Participant: 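Handing you a structure now.
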Amino acid sequence: MELLGATTTELREFCEELNCPAFRGKQIAGWLYKKGVSHIDEMANLPKSLISKLNETATLSRSRIVAETTASDGVRKFLLELADGERIESVLLPYSDRLTACVSTQVGCAAGCAFCASAGLGLIRNLSAGEIVDQILTLQAQSGERITNVVYMGVGEPLLNYGNVVKSVRLLNEEVGISARQITVSTIGVIPRILKLAEEKLQITLAVSLHAPDDELRGNLIPLAGKYPLRELLRACRAYSETTGRRVTIEYMLLAGVNDSPHQAQRLVSLLKGMLCNVNLIPYNPVPNLAYKRPETKRVTAFREVLEQAGITVTQRFERGDNIAAACGQLRRSR
Ligand code: SAH
């Protein structure tokens with residue numbers, strides 16, 4: 001069995017199967033998730049007999065850092081190689097008051113977003129819960145400090161890898177010790193899964209990549225979202241916030257001349273009327289060989305003002321890690 005990705009309960013059961021006391025499972029979980037060990041042999045307080053049984057019957061798979069880049073603002077981006085040789089990206093974002101890890105959930109992605117650096121690839125495979133948690137443990141070890149926040153905003157569509165993503169959230173919460181309130185899952189808006197997620201009773205933040213105020217443009221920018229009409233999507237977001245009591249984040253990435261007009265801002269206002277949400281405006285991070293551009297600052301400000309005048313809370317993602325191509329997929333693509 002693979003140890004990384006197992007809960008304490010599962011590890012206790014596994015120890016019993018090996019004819020060892022169940023409390024050893026708790027110790028193993030501590031080595032995996034609190035100490036972040038890479039090898040079974042490092043689990044120093046386990047009896048030698050258990051170490052050898054584990055070596056025979058279990059694996060502990062950690063990723064390997066293949067490349068790292070650091071931007072002038074301290075954002076560090078990592079290319080990680082998984083046990084089967086596939087490569088993923090993870091980003092460490094230091095802020096004055098928190099340390100955020102941005103994690104991938106799939107190798108490649110099926111969403112096919114027109115503006116995204118990872119789109120051409122298609123979906124290769126889902127990451128396991130252990131591979132998602134590994135990214136946080138790896139970034140934490142690299143920084144030497146505790147990760148306080150996790151955003152599921154790397155490569156992949158989290159809600160199309162639903163079971164493993166939810167399990168990884170629980171592991172981060174219960175085993176690694178990261179509060180669910182500091183975890184954000186970002187989705188293109190897979191409606192049935194949003195409704196299911198609402199029932200999981202997790203206090204995480206749901207972020208929905210809207211990017212357009214009408215279905216036609218949205219379907220062009222995010223082909224897979226064509227299946228999820230805006231009206232129904234926003235109904236699902238409302239249901240999510242009613243069930244969980246949590247404010248939903250609406251992500252709106254601004255592409256010059258495509259979705260950044262004051263008229264489009266007005267349409268967005270109408271869509272969001274009466275919804276418990278805030279809007280995160282994301283000026284586009286240009287991708288080589290794609291024609292999309294970031295709007296000028298005054299255009300971003302004008303868009304923002306329309307929302308604010310309607311009483312919507314707006315946050316703006318400041319471009320970070322610009323010179324290391326921190327937008328999703330850019331590092332993997334450059335290799
Ligand atoms: N698949 C999920 C999470 C991954 S991306 C989702 O789409 O929500 C996280 C966010 O970054 C999404 O809103 C995505 O549309 C946006 N994004 C992708 N490429 C970008 C780029 N080059 N510049 C700015 N934002 C980008």
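This structure is a prediction, so every number in the text was calculated from the model and none was measured.
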Participant: Are a donor atom and an acceptor atom from the side chains of Glu175 and Thr7 found within less than 3.5 Å of each other?
Facilitator: no
Participant: Is it the case that Glu157 and Thr187 place a side-chain donor and acceptor less than 3.5 Å from each other?
Facilitator: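 On atom types as modelled, these side chains qualify, holding a pair under 3.5 Å.
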Participant: Using only heavy-atom distances, determine whether the side chains of Ser261 and Gln264 contain a donor-acceptor pair under 3.5 Å.
Facilitator: yes
Participant: Is the backbone N or O of Leu197 less than 3.5 Å from a side-chain atom of Tyr162, with the two atoms forming a donor-acceptor pair by type?
Facilitator: yes
Participant: Just checking, is any N or O donor in the side chain of Gln316 or Arg304 under 3.5 Å from an acceptor N or O on the other one?
Facilitator: yes
Participant: Tell me if the NZ atom of Lys34 is crowded by more than 12 foreign heavy atoms within 6.0 Å.
Facilitator: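 Yes - once you tally the heavy atoms of other residues, nucleotides and ligands closer than 6.0 Å, there are more than 12.
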Participant: Looking at Asp215 and Arg231, is there a salt bridge between them, counting it only when a charged N and a carboxylate O are closer than 4.0 Å?
Facilitator: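 No, Arg231 and Asp215 are not salt-bridged.
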Participant: Begin from the C-alpha positions of Leu255 and Lys293 and carry the test side chain to side chain contact (heavy atoms under 4.5 Å, CB included) through to its verdict.
Facilitator: CA-CA 6 Å; Leu255 300 165; Lys293 291 196 174 59; over 6 Å; no
Participant: For Arg76 versus Glu68, what's the shortest heavy-atom pair and its separation?
Facilitator: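 Result for this residue pair: NE-OE2, 2.7 Å.
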Participant: State whether the number of non-hydrogen atoms from other residues, nucleotides or ligands found under 6.0 Å of Lys48 atom NZ is greater than 12.
Facilitator: no
Participant: Spell out, as yes or no, whether a donor-acceptor pair under 3.5 Å connects the side chain of Gln27 to the backbone of Phe23.
Facilitator: no
Participant: Cut-off 3.5 Å, side chains only: do Asn164 and Ser128 have a donor facing an acceptor?
Facilitator: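 Judged by distance alone, the side chains do not pair up.
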Participant: Do Arg193 and Glu200 sit within salt-bridge range, that is, some charged N less than 4.0 Å from a carboxylate O?
Facilitator: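 Result for this pair is no, no salt bridge flagged.
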Participant: Testing the 3.5 Å rule here: is there a donor-acceptor pair between the side chains of Glu251 and Ser186?
Facilitator: yes
Participant: Got a salt bridge between Glu10 and Lys167, using NZ or NE/NH1/NH2 to carboxylate O under 4.0 Å?
Facilitator: yes
Participant: Taking Glu89 first and then Lys77, would you say they form a salt bridge - that is, a charged N and a carboxylate O separated by under 4.0 Å?
Facilitator: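 Counted as a salt bridge, because a side-chain N and a carboxylate O are separated by less than 4.0 Å.
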Participant: Hydrogens and angles aside, do Thr105 and Asn161 bring a side-chain donor and acceptor to less than 3.5 Å of each other?
Facilitator: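 Distance-only check fails for Thr105 and Asn161.
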Participant: Pick from Arg62, Arg87, Arg125: which one makes a salt bridge (Lys or Arg N to Asp or Glu O under 4.0 Å) with Glu131?
Facilitator: Arg125
Participant: Report yes or no: do Ser61 and Glu2 form a side-chain donor-acceptor pair below 3.5 Å?
Facilitator: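 Side chains of Ser61 and Glu2: pair found under 3.5 Å.
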Participant: Looking only at side chains, do Arg247 and Ser241 share a donor and an acceptor under 3.5 Å apart?
Facilitator: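 No.
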Participant: Tell me yes or no: between the side chains of Tyr152 and Ser168, is some donor less than 3.5 Å from an acceptor?
Facilitator: yes
Participant: Group every Ile, Leu, Val, Met, Phe, Trp and Tyr by side-chain heavy-atom contacts under 4.5 Å, then state whether Leu307 and Leu230 land in the same group.
Facilitator: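 Linked, Leu307 and Leu230 end up in one cluster.
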Participant: Between Ser143 (side chain) and Glu145 (backbone), is there a donor-acceptor pair under 3.5 Å?
Facilitator: yes
